[in-house]
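Working notes, structure below.
Bear in mind the structure is a predicted one, so any value in this text is a computation, not a measurement. Numbering of ligands and ligand atoms starts at 1, following listing order. For this chain, numbers begin at 1 and follow the sequence in order.
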Amino acid sequence: MSENYFKTYPNKEGFFKEYGGAFIPPVLEEEMKKITDAYYAISKSHSFISELRSIRKHFQGRPTPVYFCNRLSEKYGGRIYLKREDLNHTGAHKLNHCMGEALLAKHLGKKRLIAETGAGQHGVALATAAAYFGLECEIHMGEVDMAKEYPNVVRMKILGTEVVPVTHGLKTLKEAVDSAFQSYLNDPVNTIYCIGSVVGPHPFPMMVRDFQRVVGIEAKEQFIDMTGELPDKIVACVGGGSNAMGIFSAFLDDEECEIIGIEPAGRSLEVGEHAATMTLGKPGVIHGFKCYLLQDEKGEPAPVYSCASGLDYPGVGPEHSMLKDIKRVKYDVINDKEAIDAFYELSRLEGIIPALESAHAVAYAIKLAQQDPQKSILVNLSGRGDKDIDFVVDTYGLPE
Ligand SMILES: *Cc1c(COP(=O)(O)O)cnc(C)c1O
């Protein structure tokens, strides 16, 4: 696989085997082609690479560390390690692709960034990138998520971004994508739609993956430095799948590494109470690309739910869809309760409050450690939990 893999997938039309592509209105085809061509050219240029490298180091605070969880491993067995994306500037992995997208926007002469946000992390990351580059920024967010993630709404406003409330449907991530997409269609020439994960039409799943690869490249080197070997298992939560692609991409080649993506089982695996796309979805088209999709009888995206706002999306990245089919990555689920328990366990045993999204991956690592205590497990801790503390305590209370 390795470099050959990255050259093969996606193909020129943006397909990862049967998934991906660009199912978009004709007005956008030309814009997407411009972005694709510019990306292929600019991403190889010395000035783009060195500017991004400098931003990663001096602005984002990279490399983020890999950390061995001493007390967690002692309690549950195994050797659990975390790649600390919670320590990336703005508190999650998302700034990795937002700085890349905004740098590309600057090279394309765009004036405005537009996007949707679920948990608010993508909105905050993009608002941060916009401030850094002096670009305008417009973020669409479901009203339900705005209430749940209120501090992030305030952060975006402080950073000078316009937050557009979305009031239709379930008022969460999917509706926010629809709304942001509409606004983008009004002025695609001066605007760039900065997609928040490895989803959307080509070239976004490829670009976002490439911008996130830094996570896996760093983690692999750091893990080998610390232990002298590769991790036995690599675990990450999957919403759209960007933090997971970031860390997985470095290990796809290493057949001895077991790779597992974790989706939210929410309250239960009943309609509207989970977002277990890989486990229960069927191939379909959403937001301009083909992937595993939770859908109703008519093929429309089904309602989804998770306690973690960043995971409640009915689709998933096309590359994950392919990696499932070729069986290189296994996908499994963790429910709300298990995620909340892991949220408190990591906080109390290690002094690290994880994002609820990341807590899904931690919960699975705890299960794996109990099943097979001989193994090492590398978890991508995609973000910090400050944004979730009020919601968790108000909804679930403090444990004994
Ligand atoms: C947005 C978010 C996710 C989910 O997005 P992916 O694209 O699947 O990585 C996971 N963790 C955190 C902390 C997030 O903010």
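Using a 4.0 Å cut-off between a side-chain N of Lys or Arg and a carboxylate O of Asp or Glu, Lys110 and Glu136 do not qualify as a salt bridge. Salt-bridge check for Lys367 with Glu345: failed, with every basic side-chain N at 4.0 Å or more from each acidic carboxylate O.
Of all the heavy atoms in Ala369 and Gly77, the pair that sits closest is CB-O, 3.2 Å. The two atoms that bring Ser376 and Tyr81 nearest to each other are CB-CE1, 4.4 Å, heavy atoms only. Here the shortest heavy-atom pairing between Leu323 and Leu252 reads CD2-CD2, 3.9 Å. Taking all atoms of both residues into account, the shortest heavy-atom contact from Tyr313 to Val304 is N-CG2, 3.9 Å.
In terms of N/O distances under 3.5 Å, ligand 1 is not approached by Val198. Not a single N or O atom of Gly383, backbone or side chain, sits closer than 3.5 Å to an N or O atom of ligand 1. Considering backbone and side-chain N/O of Gly239, one or more are found under 3.5 Å from N/O of ligand 1. Ligand 1 has no nitrogen or oxygen under 3.5 angstrom from a nitrogen or oxygen of Lys387. On a distance-only criterion, Gln121 and ligand 1 share no N/O pair closer than 3.5 Å.
Using a 4.0 Å cut-off to heavy atoms of Ser197, the atoms of ligand 1 that qualify are 6 (P), 7 (O). Each of the atoms 10 (C) of ligand 1 lies under 4.0 Å from some heavy atom of Cys237. Residue Ala355 approaches ligand 1 through these ligand atoms, each under 4.0 Å from one of its heavy atoms: 13 (C).
Among all protein heavy atoms, the one lying closest to atom 4 (C) of ligand 1 is Gly310 O, 3.4 Å. Given atom 6 (P) of ligand 1, the protein heavy atom at minimum distance is Ser242 N, 3.3 Å. For atom 3 (C) of ligand 1, the closest non-hydrogen atom on the protein side is Lys94 NZ, 3.6 Å.
Contact annotation: for Ser382 versus ligand 1, heavy atoms closer than 4.0 Å belong to both the backbone and the side chain.
Residue contact annotation: Gly241 has a non-hydrogen atom under 4.0 Å from ligand 1. For His93, the heavy-atom gap to ligand 1 drops under 4.0 angstrom.
The aromatic rings of Tyr40 and His202 lie tilted to each other, with the angle between the two planes from 30° to 60°. Ring-plane geometry between His97 and His93 is classed as perpendicular, the angle between the planes exceeding 60 degrees on a 0 to 90 degree scale with a lower cut at 30.
Checked against a 6.0 Å centroid threshold, the rings of Phe59 and His89 count as neighbours.
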